[in-house]
Colleague: 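Below are the structure tokens for one structure; questions will follow.
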Amino acid sequence: MTKLIVGNWKMNGLKADARLRLGEIVTPVSADIDVAYSIVLCPPATLLGYVRQALDDLYICGEATISVGAQDCHAESHGAFTGDIAPRMLTDMGCTHVIVGHSERRHGHGETDAQVAAKAQAAHQAGLITIICLGETESERTAGHHFDVVSRQIKGSLPSGVTPANTVVAYEPVWAIGTGKTATADDVREMHAHIRQQCGEGMTILYGGSVKPGNAAEILSTPNVDGVLVGGASLVAADFVAIARAASGG
Ligand code: PGA
């Protein structure tokens, strides 16, 4: 099955960096025949239109698809929401995907499960595929509550109308994001089986949290891991390409 490799650039990069990085991603990816992966790049909002256009200009051939996704959206379709971006504005810029409920939004901006569900619902109505993030904190895991936390987030953050066609679920243990600590293969296997049980066979389930070229092959070959959500390593083109290629066993 084709693995989904998502690069979350977070709040990093200007046009010049993006252009350079895209060139370094597109060239090797275009050369891959019979690719075992598809790619979604999630640059900051300021670069969404630029990245889409640059990809269209750069892309030469090959089977791999490179889609563009946003890192967040608002739950309303328009109105007096200074600084926010509506889902339809994202499709207008060529986005097909949007991340919602990333832990940096949940914890840094106090977003609740209900707000995440409302954003996801609005995104679906605009025709976007949502990448809905879930994951426990370190103290929740230490206390042994990780399965309950993730079950609660699934129940609360996935709106009605979720289907495998409009939703991707990303398990990102908060303690593994940007820390260099990766969940063990057993942690990932157990939690992904738990999510699979609740979200069903067809759902794409990603793992995220300190994914690097050195651990990507093991993570991607774990049962119920349908792809990865990559933060820090997605800013280094060679690392990101190596992670994608790990989907086909290197
Ligand atoms: P990381 O981030 O790969 O830098 O740990 C992952 C994410 O936050 O999506």
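Just so you know, these numbers use all the heavy atoms, side chains as well, and skip hydrogens, waters and symmetry mates. All ligand and atom numbering here is 1-based and tracks the order in the structure.
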Colleague: Just to be sure I'm reading this right: ignoring hydrogens, which of Lys10, His102, Lys181, Glu172 gets closest to atom 2 (O) of ligand 1? Compare them by their nearest heavy atoms.
Modeller: Lys10
Colleague: Taking Gly209's backbone N and O only, do any of them form a donor-acceptor pair with Tyr207's side chain (distance below 3.5 Å, no angle check)?
Modeller: yes
Colleague: Would you tell me whether His124 and Thr130 have side-chain atoms, one donor and one acceptor, within less than 3.5 Å of each other?
Modeller: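 Note: His124 and Thr130 side chains meet the donor-acceptor criterion.
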Colleague: Which of the numbered atoms in ligand 1 are below 4.0 angstrom from a heavy atom of Gly178?
Modeller: 1 (P), 4 (O), 5 (O)
Colleague: Tell me the protein heavy atom at minimum distance from atom 4 (O) of ligand 1, and give that distance in Å.
Modeller: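 That would be Gly232 N, 2.8 Å.
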Colleague: Evaluate salt bridge (charged side-chain N to carboxylate O under 4.0 Å, His left out) for Asp113 paired with Lys155, printing each intermediate quantity in order.
Modeller: CA-CA 8 Å; Asp113 284 333; Lys155 206 160 173 281; over 6 Å; no
Colleague: Side chains of residues 10-17: which donor-acceptor partners sit under 3.5 Å, not counting sequence neighbours?
Modeller:
unit_1	atom_1	unit_2	atom_2	d
Lys10	NZ	Glu104	OE2	2.9
Asn12	ND2	Trp9	O	2.9
Asp17	OD2	Leu14	N	2.7

Colleague: Given that the side chain starts at C-beta and the backbone is N, CA, C, O, which of these parts of Ala176 lies under 4.0 Å from ligand 1, counting heavy atoms, or is it both or neither?
Modeller: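 Only the backbone of Ala176 comes within reach of ligand 1.
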Colleague: Below 3.5 angstrom, do we get any N/O pair linking Gly208 and ligand 1?
Modeller: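 No; every N/O pair is 3.5 Å or more apart.
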Colleague: Taking only Lys NZ, Arg NE, NH1 and NH2, and the carboxylate oxygens of Asp or Glu, determine whether Asp32 and Arg245 approach each other closer than 4.0 Å.
Modeller: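 A salt bridge is present here (some side-chain N lies under 4.0 Å from a carboxylate O).
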Colleague: Under a 4.0 angstrom heavy-atom cut-off, which atoms of ligand 1 come close to Gly231?
Modeller: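 The atoms of ligand 1 under 4.0 Å from a heavy atom of Gly231 are 1 (P), 2 (O), 3 (O), 4 (O), 6 (C).
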Colleague: For Gly209, is the nearest heavy atom under 4.0 Å from an atom of ligand 1?
Modeller: yes
Colleague: Hey, are Gln198 and Ser151 close enough side-chain-wise for a donor-acceptor pair under 3.5 Å?
Modeller: yes
Colleague: Show which atoms of ligand 1 fall inside a sub-4.0 Å distance from at least one heavy-atom site of Asn8.
Modeller: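 With Asn8 as reference, the close atoms of ligand 1 come out as 9 (O).
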